[in-house]
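Below is one structure, written out as structure tokens; comments come after it.
Within every chain, numbering begins at 1; the chains are lettered A, B, ... in the order of the sequence lines, protein sequences first and strands thereafter. Fair warning: this is a prediction, and the values are worked out from it, not measured in the lab.
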2 protein chains.
Amino acid sequence: MTHAHASRMLCCVFSVSAAGAMVLHLVPRCSARLFWASAGWRRTHIQGASVGLKWLGCPRDSYNPLACRRYSSVSGSPEVMLTSERYPVQRLPFSTVSEEDLTAFERIIPGRVITDPEQLEACNVDWLRSVRGCSKVLLRPQTTEEVSQILRHCHKRNLAVNPQGGNTGMVGGSVPVFDEIILSTALMNQVISFHDVSGILVCQAGCVLEELSQYLQERDFIMPLDLGAKGSCHIGGNVATNAGGLRFLRYGSLRGTVLGLEVVLADGTILNCLTSLRKDNTGYDLKQLFIGSEGTLGIITAVSILCPPRPKAVNVAFLGCPGFAEVLQTFSTCKGMLGEILSAFEFMDAECMKLVGQHLHLTNPVQGSSAGHDTEKLTSVLEQVLNSGLVSDGTIATDQRKVQMLWALRERITEALSRDGYVFKYDISLPVEQLYDLVIDLRTRVGPRAKHVVGYGHLGDGNLHLNVTAEAFSQELLGALEPYVYAWTAKQRGSVSAEHGLGFKKKNVLGYSKPPVAVKMMHQLKVLLDPKGILNPYKTLPAQA
Amino acid sequence: MTHAHASRMLCCVFSVSAAGAMVLHLVPRCSARLFWASAGWRRTHIQGASVGLKWLGCPRDSYNPLACRRYSSVSGSPEVMLTSERYPVQRLPFSTVSEEDLTAFERIIPGRVITDPEQLEACNVDWLRSVRGCSKVLLRPQTTEEVSQILRHCHKRNLAVNPQGGNTGMVGGSVPVFDEIILSTALMNQVISFHDVSGILVCQAGCVLEELSQYLQERDFIMPLDLGAKGSCHIGGNVATNAGGLRFLRYGSLRGTVLGLEVVLADGTILNCLTSLRKDNTGYDLKQLFIGSEGTLGIITAVSILCPPRPKAVNVAFLGCPGFAEVLQTFSTCKGMLGEILSAFEFMDAECMKLVGQHLHLTNPVQGSSAGHDTEKLTSVLEQVLNSGLVSDGTIATDQRKVQMLWALRERITEALSRDGYVFKYDISLPVEQLYDLVIDLRTRVGPRAKHVVGYGHLGDGNLHLNVTAEAFSQELLGALEPYVYAWTAKQRGSVSAEHGLGFKKKNVLGYSKPPVAVKMMHQLKVLLDPKGILNPYKTLPAQA
């Protein structure tokens, strides 16, 4: 790898056309449309063979997390080691599932209690194939009332529960550590209502993000969030992990766009805060406790969310810069020029591009092509960026096909990395000026012990995805990376988990970003809401001394 | 009052020019600027004689809530009745302030312990002159450490504390009910840092909203919120009450824009979550507990907030519609036509306009003038709204002076109402379709017992401000209004407090918008964070059975 190669940067700017927004477009008089989605619409909205169909009451493969992500892991990869064997973690004294428990569950959700080891295998392993639990039972409720009855039983019996959405998490938060019961939201996939003037969508927690996006697109709205895992991730899981993603820069955090939640508490109590009002200052905003708490304080069963109108036009620019300093200057320039219509600013380094090419056979759209030749759709504003010297080459897309093609390069980096070997993943918030320094620093530090050290992510949000690949998991490499990466981040007053959460794998690093007073208060909240600790144990909070 | 007069509506649309946002504007390379504001800049930023200057360590009149709001209450108005005499409320068994306590406070904040009854009078009465406490001491700390020491003492001594910002609240949350110690944030008014690329502002809780706005305006940014009370309200109070206001439609809730908080807990512990990162998913988001909890769970001492870039151009349209149905259709039309550049959509009824004219001598800008004559700045898009038949007349402003003049009509309604007599205030979220029905319904119900029944507010957010004026407070009129208004709202699944919070006056209506399970959990949180209940007692939560 030459120095020039390593330092070359790519950034991808996604901007909404403001001119388009001025086009006359009369919206019909406001009317609330309440409906329950029939099975029909779902079928028509599903694209891609690897996305499982969602049918109520019949077996399907979508609870296979490897099958239901748009891309699957490398086939023929070795068995994943049990979490309890790789990590120093002790099982807490929960009860184990008995025949009587299974009978009780079967009474609550007849035909939807899964104990077949083969089916369970997929839910016990995370999609990164990095952690593995040994749960013996998967429950697939359809309604909030069923979730409530299940939790009431588990609470009484002191049985631990692992809530599971699309199982697309990055930090081992969505699979059991030991034998926790897996409670899947996969069959809770109904749209409850959509209001076509306010843009407020109310739906069950198990709706797949991409299906919601397609549903909204037909109604001239979009979801306020978009992720690479959209083909599998559930909206409930998105909210439970406070997912960020590709639209964060423009539409902000789920803490602002989620208007209401329905949650089942540890003892089975249903907390109904599923309002669909933009403003409600009556008492404490309890739903915020559950946003981002990774299923450790309650199980989200339904979501009310504010969806923005669909942009009238979309432009994507994919630009090549000589180095990170130029990426930063390009970002500042674009922010100044495009203002509020700039809806995303992502970046990936040359290493990422190389891996996407090598493992997924995607080609670099700007290699060899000069931006100057792609003038027909180029706006005068973007022309100036390209001609400023900050950017060495680039391409602009306005038609849907090319837009998707450019986004795929960014969205599929995770997949390319997982094909490169074992991946050590870090998801860090830093001041943008320091964002790439850690990548360069780490390359020197780990040397040939790593296959690749890459940096990419949401530059506009100050969010770096730092990934280190190796042939296999190695304690020695891990020792070189941790706690070094966390200490480096803490020194810059950054966050050791910008958007992935803490789950199982990062729970012990909480202290790098939060003071002891805060950690203590989090433990108090956990005890208040889940005194027996049955909800997603071994996750989010470090074990108490 | 003729029927035609009553049904005539005015709506005011505030839109950001998208074309302006495309103007080339190079931002310098990103750099974090850390500084402590000197006294100098503050002086230059203050406009209007009634806004108190903020000098550290010397007496000033800005803790007089009547003087520091941009407009003052009617002079010569009668003495405000003590809250404890008007309402059925019992003092809780807190200690009373002793000489030893005063000595201890004087040691912590020398020269800033106020016991002069005349100075205290202003802090004991809310600006609406509707509730009055009888506190004997006002404390004016400058630093978080001082707040911490004060609370540590109060907690040990079981002394109740009433945190006070600009004292501009609508629900009696900012003044004591009995003899609670008043802890004012007025001297905690320093900007800590501003980052001119990310737009992240970090400041102390006592900064006045308008001063922050002016500070940011010079740096080409704006605050994400704007309120009529901006000349007096403190950012800490804004966050503690989760204030909404005039920019909510465009920039969303403080729950999304507040990035970090520093809070002093009931026992004096400092909780430092004052990060300035856009993304941070490490553990539970504790700051959310304090946003909107009205000082009952902790005292906010510093705020980190994301500020949007200053719009390059602003247009305001002020339109007259024959009735509310046409206002709704105009809203739908504008939303469709203007999309994301529509940053506010406010409305006021003809009664409001009448009172603003009568009490403040402001004139209706569209009376007698035809929109067709004001064509030079009219965009083709807005021309279409005016020519659609939905709008009978209107005016458009692009220059700053006229923009401010039009906004003043909307912003000063509260002031006009307070000059009309005693005001019964309701702040309600409703589905937009039903928003004005309650006003019409109530006019019939209360008949001549009220002077005026008016409706105005943030139509774009589904937020109605319903106000009923009378010569004086009357139990009979109150009985006609409550619980009728709350029950009506609950039936529509609305919120009985959209943005004003519950404070003292609305705490008992929480149950109309939140289920018993939620209310119970709120009480549990209060007990967890403030076991002695010393923080802003008698507020937000109903007394427990």
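Note that CD1 of B/Ile291 and CG of A/Asp285 are 9.0 Å apart. Values are rounded to the nearest 0.5 Å. Here NZ of B/Lys279 is found 4.0 Å from NE2 of A/His458. Values are rounded to the nearest 0.5 Å. From A/Lys287, atom NZ reaches atom CZ of B/Arg255 across 6.5 Å, with rounding to the nearest 0.5 Å. Between the CG atom of A/Leu528 and the CG atom of B/Leu528 there is a distance of 5.5 Å, given to the nearest 0.5 Å.
If you measure heavy-atom distances from B/Asp461 to chain A, the contacts under 4.5 Å come from both the backbone and the side chain. Both the backbone and the side chain of A/Leu502 have a heavy atom closer than 4.5 Å to some heavy atom of chain B. Residue B/Leu259: no heavy atom, backbone or side chain, is found under 4.5 Å from chain A. Contact annotation for A/Asn463: only side-chain heavy atoms (C-beta onward) come within less than 4.5 Å of a heavy atom of chain B. Contact annotation for B/Tyr512: neither backbone nor side-chain heavy atoms come within less than 4.5 Å of a heavy atom of chain A. Using a 4.5 Å cut-off between heavy atoms, A/Thr282 contacts chain B through both its backbone and its side chain. For B/Leu277, the part sitting under 4.5 Å from any heavy atom of chain A is the side chain, from C-beta outward, and nothing else. Both the backbone and the side chain of B/Ser429 come within contact range of chain A, with heavy atoms under 4.5 Å apart. Residue B/Leu529 touches chain A through its side chain alone, counting heavy-atom pairs closer than 4.5 Å. Heavy atoms of B/Thr257 lying under 4.5 Å from chain A are absent altogether.
Checked for salt-bridge contact, B/Lys514 and A/Asp280 meet the test: a charged N lies under 4.0 Å from a carboxylate O.
Contact count versus chain B (heavy atoms, under 4.5 Å) is highest, among A/Ser253, A/Ser276, A/Ser495, A/Ser198, for A/Ser495. Highest contact tally toward chain A, considering only B/Gly252, B/Pro515, B/Gly283, is held by B/Gly283 [criterion: heavy-atom pairs under 4.5 Å]. Chain B forms the most heavy-atom pairs under 4.5 Å with one residue out of A/Asp427, A/Thr540, A/Asn272, A/Leu271, and that residue is A/Leu271. Per-residue heavy-atom pair counts under 4.5 Å with chain A were compared for B/Leu249, B/Leu510, B/Leu254, B/Leu286, and the maximum is reached by B/Leu286. Counting heavy-atom pairs under 4.5 Å between each of A/Ala518, A/Gly292, A/Gly256, A/Gly462 and chain B puts A/Ala518 at the top. Top candidate by heavy-atom pairs under 4.5 Å with chain A, chosen from B/Leu297, B/Ile270, B/Leu430, is B/Leu297.
At least one donor-acceptor pair closer than 3.5 Å links the side chain of B/Asn281 to the backbone N or O of A/Asn242.
Across B/Lys526 and A/Tyr284, no two heavy atoms sit closer than the pair CD-OH, 3.8 Å.
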| Test side chain to side chain contact (heavy atoms under 4.5 Å, CB included) applied to B/Glu499 and A/Arg278, step by step | CA-CA 10 Å; B/Glu499 60 176 11; A/Arg278 282 212 66 177; over 6 Å; no
